[in-house]
Amino acid sequence: MAKDKIVLAYSGGLDTSVAVPWLQENYNAEVITLTIDLGMVDLESIRQRGLQVGAVKAMTVDCRQTLVNEFLFPALQAGAIYEGQYPLATALGRPLIARCLAEAAQSEGAYAVAHGCTGKGNDQVRIEVGIAALAPELKVIAPIREWGMSREDEIEYGQAHHLPINASQSHFSVDENLWGRSAEAGQLEDPWQEPPEEAFAWTKALSNTPADPAYLEIHFELGIPTQVDGESMAGIDLISHLNTLAGAHGVGRVDHVENRLVGIKSREIYEAPAATVLHAAHQALETLTLTKEQARTKAKISQEYADVVYNGLWFTHHRQDLDAYVRSTQRYVTGTVRLKLFKG
Ligand code: ARG
């Protein structure tokens with residue numbers, strides 16, 4: 001009889017690499033890895049790694065375009081910023097990861113999907129709620145939540161299984177996609193401590209940013225950015241370009257003690273240069289193009305929209321209804337905004 005199959009969302013890091021043999025042993029199943037590019041991923045090298053650690057098949061999918069069109073730009077139009085600070089990069093990526101997992105499991109005939117989220121965060125909820133909404137017949141396995149191994153145990157387990165792992169110590173738990181970079185855990189958990197410079201990767205410290213400002217013009221059509229400085233740019237390029245440009249001026253650093261949906265507070269460091277610039281520009285344009293009543297109602301919708309995204313409720317009728325309201329307001333949001341990038 002053919003073995004059962006599990007599709008594992010695979011980043012190539014220690015946790016999900018150890019999860020491959022662990023799932024094979026503990027679920028007596030074949031493991032297919034799925035690596036999803038949401039912006040910062042070398043798909044081919046991670047694919048190879050998936051095969052090296054024992055996957056029967058290693059799949060990849062470039063979802064950047066979908067991320068931008070179906071998740072990031074609608075969230076930008078909605079003005080979705082969680083607790084007034086976090087532009088929701090990780091939270092917007094998770095439902096798309098859930099959708100890709102469900103599709104891969106269906107096309108490969110797998111009975112289960114697996115992910116590398118821990119039991120403390122929002123991400124486990126976002127992925128599992130997403131799967132439950134889209135493919136309720138699939139079982140979801142969360143090895144890291146189940147196995148009770150410390151980092152040292154994982155390294156030992158990996159060595160015992162001859163996995164080619166280089167357990168390069170990152171001090172933080174990092175997640176990134178086109179819309180931003182999230183860092184949490186380790187010394188960041190002490191809110192009394194200033195975040196160390198090594199927590200940042202996309203943005204310059206203010207002491208190292210240019211002494212002269214940069215001016216920038218962003219053009220929006222119906223609430224969607226389409227041009228930078230008069231040049232037409234498609235979503236992925238436009239966002240990447242703004243990440244580089246604004247990051248160089250130290251724009252987009254966020255230090256946020258946030259309220260997780262699982263009920264704990266967590267100190268997070270975010271870098272979101274493009275998202276910060278685009279939200280600021282979009283809001284500025286709306287101040288000129290929406291009426292007072294629209295602006296006030298939309299502010300409430302923005303907050304609700306951010307909570308919905310943060311809480312993993314993307315695949316709901318409620319989110320669709322909020323989108324319908326937002327889309328209607330955007331029929332006025334066309335125009336060009338001039339910004340000044342200077343010292344953050
Ligand atoms: N706290 C943020 C959120 O819930 C970021 C999570 C980042 N995930 C990670 N594994 N570092 O959206």
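The first residue in the sequence is number 1, and the count goes up from there. Everything numeric in this text was worked out from a predicted model, so none of it was measured.
- Glu221 and His219 share a donor-acceptor pair across their side chains, judged by distance under 3.5 Å alone.
- Listed here is the closest heavy atom pair of Ala214 and His249: CB-NE2, 3.5 Å.
- In this structure, Phe220 has its ring center closer than 6.0 angstrom to the ring center of His282.
- You'll find the ring centres of Phe71 and Trp179 outside the 6.0 Å limit.
- In this structure, Glu293 does not pair ionically with Arg296, as no charged nitrogen and carboxylate oxygen lie closer than 4.0 Å.
- Between the side chains of Tyr270 and Glu258, at least one donor N or O lies within less than 3.5 Å of an accepting N or O.
- When Arg331, Lys292, Lys298 are each tested for a salt bridge (Lys or Arg N to Asp or Glu O under 4.0 Å) with Glu286, only one passes: Lys298.
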List the steps and the verdict of side-chain hydrogen bond (donor to acceptor under 3.5 Å, both in side chains) for Gln124 and Glu128. CA-CA 6 Å; Gln124 55 175 343; Glu128 292 177 26; over 6 Å; no
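- Residues Ser45 and Asp42 bring a donor and an acceptor atom of their side chains to less than 3.5 Å of each other.
- Annotation: cation-pi geometry satisfied between Arg126 and Tyr310 (NZ/CZ under 6.0 angstrom from ring centroid, within 45° of ring axis).
- Annotation for Glu25: atom CD counts as buried by contact number, over 12 foreign heavy atoms lying within 6.0 Å.
- No more than 12 heavy atoms of other residues, nucleotides or ligands shown are found within 6.0 angstrom of CD on Glu194.
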